[in-house]
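Below is one structure, written out as structure tokens, with a few remarks after it.
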Amino acid sequence: HRREGFVPAAGARLVALTTQSGRLTAPISLEGGAPIQALVDLGNDLPLILSPGPDSRKLLRDRPTSTALLGGYGSAAVGQVATARDVAFAGAHIAAVPVTVAPRSIGFAANLGLPVLRRFRLQLDFAGGRMWLTPQAGAPAFYKDLTGLNGYVDGEVLRILHVARGGPAEKAGFTAGDLVAAIDGQPARLANANLAEAAKGRVLDFTLTSGAHRRL
């Protein structure tokens, strides 16, 4: 749309964007705390990433935490993960938001990703430093990794990169560096692609290239 005469959606809330280091940020608040500026990142598929600091330390102090790989394909950075009870953004309060605390500064206090932004009808005017947000009803629950097993398909095997602290995969005996040849007797490359919609409670048998078995 042309900026002149543009009319936002009915009931949309205007949020002014602030430029930091050449990127656009918006204010959020964690669990009633003081507002912090979060990078608005449509390319981030995590709900919320925090830099280390007082806000993130407070968030990690009084609740269950685990670990996860942070970053794209081949990343070796491990972050701490927890759940924020409430994130205030654009006049809305969002409950039970998964948060990843990076091991070092990400250049901003926070990075607000697509899983949060998609809970709104979002109209952006990046050049004008503005966005309008309208909360959408019926947003699905945030995705959470409930296995604690992270890897990638390398040829015909599944190469395990990270095993979350205290998660089911660690309890099953997995360690970083394991090479999985088969899952439930099916070649790992094919089986991995078929597991996206696996039923809750299903038990899987992993066969390592060493011949050892892990049940998860």
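Results of the side-chain contact (heavy atoms from CB on, under 4.5 Å) test with Asp184 over Asn194, Leu195, Thr207, Asp205 single out Asp205 as the only residue that passes.
Atom CG of Leu204 is separated from atom CD1 of Ile183 by 7.0 Å, given to the nearest 0.5 angstrom. If you take CG on Asn44 and CG on Asn111, they are separated by 4.5 Å, rounding to the nearest 0.5 Å. With rounding to the nearest 0.5 Å, the separation of CG in Leu50 from CD1 in Ile28 is 6.5 Å. Rounding to the nearest 0.5 Å places CG of Leu69 at 5.5 Å from NE2 of His162. The structure places CG of Leu17 at 7.5 Å from OG1 of Thr25, a figure rounded to the nearest 0.5 Å. One distance of note links CG of Leu39 with CG of Leu112; it measures 8.5 Å at 0.5 Å rounding.
The side chain to side chain contact (heavy atoms under 4.5 Å, CB included) check on Leu179 picks up Val157, Arg159, Thr209, with sequence neighbours excluded. Shown here are the side chain to side chain contact (heavy atoms under 4.5 Å, CB included) partners of Pro52, two or more places apart in sequence or in another chain: there are none. Checked against side chain to side chain contact (heavy atoms under 4.5 Å, CB included), Ala199 has no partners two or more places apart in sequence or in another chain. Partners of Thr134 according to the side chain to side chain contact (heavy atoms under 4.5 Å, CB included) rule, which considers only residues two or more places apart in sequence or in another chain, are Ala9, Ala12, Arg121, Gln136.
No donor-acceptor pair closer than 3.5 Å links the side chain of Asn192 to the backbone N or O of Arg189. Judged by distance alone, the side chain of Asp86 and the main-chain N or O of Ala95 form no donor-acceptor pair under 3.5 Å. Side chain of Ser66 to main chain of Arg165: a donor-acceptor pair is present (N/O by atom type, distance under 3.5 Å, no hydrogens or angles). Within the 3.5 Å criterion, the main-chain N or O of Ala82 finds no donor-acceptor partner in the side chain of Thr65.
Shown here for Ala90 and Arg13, the closest heavy-atom pair between the two residues is O-CD, 2.8 Å. Residue Ala26 comes nearest to Met131 through the heavy atom pair CB-CE, 3.7 Å, listed as atom of the first residue, atom of the second, then distance. Contact between Pro115 and Asp45 at its shortest, heavy atoms only, is CG-O, 3.4 Å. Among all heavy-atom pairs drawn from Ala188 and Leu158, the shortest one is CB-N, 3.9 Å. Minimum heavy-atom separation, Arg3 to Ala127: NH2-CB, 3.2 Å.
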Name the atoms and distances for all side-chain donor-acceptor pairs under 3.5 Å in residues 139-146, with sequence neighbours left out.
residue: Lys144; atom: NZ; partner: Thr83; partner atom: OG1; Å: 3.0
residue: Asp145; atom: OD1; partner: Thr147; partner atom: N; Å: 3.0
residue: Asp145; atom: OD1; partner: Thr147; partner atom: OG1; Å: 2.9
residue: Asp145; atom: OD1; partner: Gly148; partner atom: N; Å: 3.3
residue: Asp145; atom: OD2; partner: Gly148; partner atom: N; Å: 3.3

Under 3.5 Å, which donor-acceptor pairs link side chains of residues 53-60 to any protein atom two or more places apart or in another chain?
residue: Ser56; atom: OG; partner: Ser51; partner atom: O; Å: 3.1
residue: Ser56; atom: OG; partner: Gly53; partner atom: N; Å: 2.9
residue: Ser56; atom: OG; partner: Gly53; partner atom: O; Å: 2.9

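Residues near Leu190 contribute nothing to a hydrophobic cluster around it, because no ILVMFWY side-chain heavy atom sits closer than 4.5 Å to its side chain.
Taking 4.5 Å as the limit, every side-chain heavy atom of Pro98 sits out of range of all side-chain heavy atoms of Leu46. Within the 4.5 Å cutoff, the side chain of Leu48 has no heavy atoms near those of the Thr100 side chain. Under the 4.5 Å side-chain criterion, counting only non-hydrogen atoms from C-beta, Leu70 is in contact with Pro103. For the pair Leu124 and Leu42, the minimum side-chain heavy-atom distance is below 4.5 Å. By the 4.5 Å heavy-atom criterion applied to side chains, Arg214 and Leu149 are not counted as neighbours.
Pairs engaging residues 90-129 under the ring-ring contact (aromatic ring centres under 6.0 Å, His included) rule: Phe89-Phe120 [sequence neighbours left out]. For residues 88-116, no residue pair satisfies the salt bridge (Lys or Arg N to Asp or Glu O under 4.0 Å) rule, not counting sequence neighbours. Here ring-ring contact (aromatic ring centres under 6.0 Å, His included) pairs that include residues 180-216, with residues two or more places apart or in two chains, are Phe174-Phe206. Applying the salt bridge (Lys or Arg N to Asp or Glu O under 4.0 Å) definition to pairs two or more places apart or across chains, those involving residues 16-31 are Glu31-Arg63, Glu31-Arg85. Each salt bridge (Lys or Arg N to Asp or Glu O under 4.0 Å) pair with one or both residues in residues 105-119, not counting sequence neighbours, would appear here, but there are none.
Shown here is Arg130, whose CZ atom has more than 12 heavy atoms of other residues, nucleotides or ligands within 6.0 Å.
With hydrophobic clusters built from ILVMFWY side chains whose heavy atoms lie under 4.5 angstrom apart, Val81 does not share a cluster with Ile49. Hydrophobic clustering of Ile, Leu, Val, Met, Phe, Trp and Tyr side chains at less than 4.5 Å, counting indirect connections, keeps Val78 apart from Val101. Linking Ile, Leu, Val, Met, Phe, Trp and Tyr residues whenever their side-chain heavy atoms come within less than 4.5 Å places Leu122 and Ile94 in a single cluster.
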Exercise. Would Thr175 and Ile160 count as a side-chain contact (heavy atoms from CB on, under 4.5 Å) if you check the C-alpha gap in whole Å, the side-chain angles of each, and the deciding distance to 0.1 Å?
Worked result: CA-CA 7 Å; Thr175 60; Ile160 304 304; over 6 Å; no

